[in-house]
Number of protein chains: 2
Amino acid sequence: MSKSLLRLDPVGAAACCAPLAAQPLSRDQAEQIAPLLKALADPVRLRLMSLVASRAGGEACVCDLNDAFDLSQPTISHHLKVLHGAGLLNRDKRGVWVYYRVRPAALASIAALIASTPAPGSVGVSG
Amino acid sequence: MSKSLLRLDPVGAAACCAPLAAQPLSRDQAEQIAPLLKALADPVRLRLMSLVASRAGGEACVCDLNDAFDLSQPTISHHLKVLHGAGLLNRDKRGVWVYYRVRPAALASIAALIASTPAPGSVGVSG
DNA sequence: CCAAGACATAGAGGGTCATCGATATCCAGG
DNA sequence: CCTGGATATCGATGACCCTCTATGTCTTGG
């Protein structure tokens, strides 16, 4: 408890907003979604998410994640904390090991925003 | 030409990667997508994207965008430059005014990544 | 209790970012 | 050419972020 790393609201990570093109985002909506994107907007964290998500069973142990990078163990721990704090990953400690698991609702929240509402009469890619 | 604001590659903004859960992202893939997300990961830029996207005709004049915020004109200009540099917005100057327009391919690139591949046997929300 | 391993936290250093005021650039009109 | 309006760029400032080393906390095993 010092910085503001996990001052989020993982509660309603369901889907805060309609697609970008549906209507202008309110300031509150934007400030709710931006931290999610910010948590994702790092190459290391993107690969961490992908490593966890692509794992059979949908979860990965920190020990495996550490081995996948040339970074120090505290650095990986930091990134996992950011992802967990943003509500993108669930944490599950079993014995000595800690397993992380993707929280689908958080990703769905982003997907809903980016959802391809082809925009009113704009560039139609498919027809 | 000083910082590295628009050192991106708006060329192949089509869809660099399979969904997060399909397989681990390579470092190159992660470093290609992360700047896109980073450009989006700001409340102001999120609202700018939404304002442009939701506009009838799919484009918005900077003059209108400026009025939608309590920020200075240079600040809005800066954010638009970031979005343009990331390949998320197209720029079109007509006379004295400049119009921005969402580049659908860039958003599609993100959508493809987040696309809900429900993960191998993980949390099934609907079934 | 003690040792060892897995993971988290603390604090520091160096880089990047958001924002501003001031100023430059570009275009239209007279 | 000069004025005026619309945007972009510059330079500074304060905040935030990524990474590290060092250290703490928790759990298993003897």
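Proteins get letters first, then strands, A, B, ... in listed order; numbering begins at 1 in each. Atom set for the values below is all heavy atoms of this structure, side chains included, hydrogens, waters and symmetry mates excluded.
If you take CD1 on B/Ile110 and CG on B/Leu37, they are separated by 4.5 Å, rounding to the nearest 0.5 Å. A distance of 10.0 Å separates CG of A/Leu36 from CG of A/Leu113, quoted to the nearest 0.5 Å.
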Go through the steps for A/Asp28 and A/Gln32 under the test side chain to side chain contact (heavy atoms under 4.5 Å, CB included), then give the verdict.
CA-CA 6 Å; A/Asp28 281 351; A/Gln32 188 177 345; 5.9 Å; no
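Legend: residues meeting side-chain contact (heavy atoms from CB on, under 4.5 Å) with A/Gln23, ordered by chain and number and at least two apart, are A/Ala18. Scanning for side-chain contact (heavy atoms from CB on, under 4.5 Å) contacts around B/Ala34 gives A/Pro43, A/Leu46, with sequence neighbours left out.
For residues 45-52 of chain B, proximity to DNA chain C is found at B/Arg45, defined as any non-hydrogen atom under 4.0 angstrom from a strand atom. Heavy-atom distances under 4.0 Å link DNA chain C to A/Cys61, A/Val62, A/Cys63 of residues 59-70 of chain A, given in residue order.
In this structure, B/Arg94 reaches neither bases nor backbone, as no heavy-atom distance under 4.0 Å exists between it and the strands shown.
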Between protein and nucleotides 23-30 of chain D, map the contacts as a letter string: B base, S sugar-phosphate only, - none, heavy atoms under 4.0 Å, written 5' to 3'.
---SSS--
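Side-chain atoms of B/Ser77 lie closest to D/dT9 of the nucleotides C/dA8, C/dC20, D/dT9. Closest approach to the A/Lys81 side chain among D/dC20, C/dA8, C/dT9 is made by C/dT9 (side chain taken as heavy atoms from C-beta onward).
Pairs passing the salt bridge (charged side-chain N to carboxylate O under 4.0 Å, His left out) check and including a residue from residues 56-79 of chain B, sequence neighbours excluded, read B/Arg55-B/Asp64, B/Glu59-B/Arg94, B/Glu59-B/Arg101.
Residues B/Ile114 and A/Ile114 have side chains not in contact (no heavy-atom distance under 4.5 Å, counting atoms from C-beta outward). In this structure, the side chains of B/Asp42 and B/Val82 stay at 4.5 Å or more apart for every pair of heavy atoms. Looking at B/Leu107 and B/Leu40, their side chains come closer than 4.5 Å, going by heavy atoms from C-beta outward. B/Val102 is not listed as a side-chain neighbour of B/Leu88, based on a closest heavy-atom distance of 4.5 Å or more.
Protein atom CG of A/Leu83 is 15 Å distant from nucleotide atom C1' of C/dA8, rounded to whole Å. Atom-to-atom, CH2 of B/Trp97 to P of D/dT7 comes out at 8 Å; the value is rounded to the nearest Å. In this structure, CG of B/Leu89 is placed 15 Å from P of D/dT7, rounded to the nearest angstrom. Summarising the geometry, the separation between CG on B/Leu71 and P on C/dG21 is reported as 11 Å, rounded to the nearest angstrom. In this entry the distance linking OH of A/Tyr99 with P of C/dA8 reads 13 Å, nearest Å. Atom-to-atom, CG of B/Asp42 to C1' of D/dC16 comes out at 12 Å; the value is rounded to the nearest Å.
The backbone N or O of A/Ser50 lies less than 3.5 Å from a partner atom in the side chain of A/Ser54, making a donor-acceptor pair.
Here B/Thr75 does not reach the OP1 or OP2 of C/dA18: none of its side-chain N or O atoms lies under 4.0 Å away. Side-chain N/O atoms of A/Ser72 include none lying less than 4.0 angstrom from OP1 or OP2 on D/dT19. The shortest distance between the side-chain N/O atoms of A/Tyr100 and the OP1/OP2 oxygens of C/dC7 is not below 4.0 Å. In this structure, B/Arg91 reaches the D/dA8 phosphate: one of its side-chain N or O atoms is under 4.0 Å from OP1 or OP2. Taking only side-chain nitrogens and oxygens, A/His78 comes nearer than 4.0 Å to OP1 or OP2 of D/dC18. Within the structure, a side-chain polar atom (N or O) of B/His79 is placed less than 4.0 Å from OP1 or OP2 of C/dT19.
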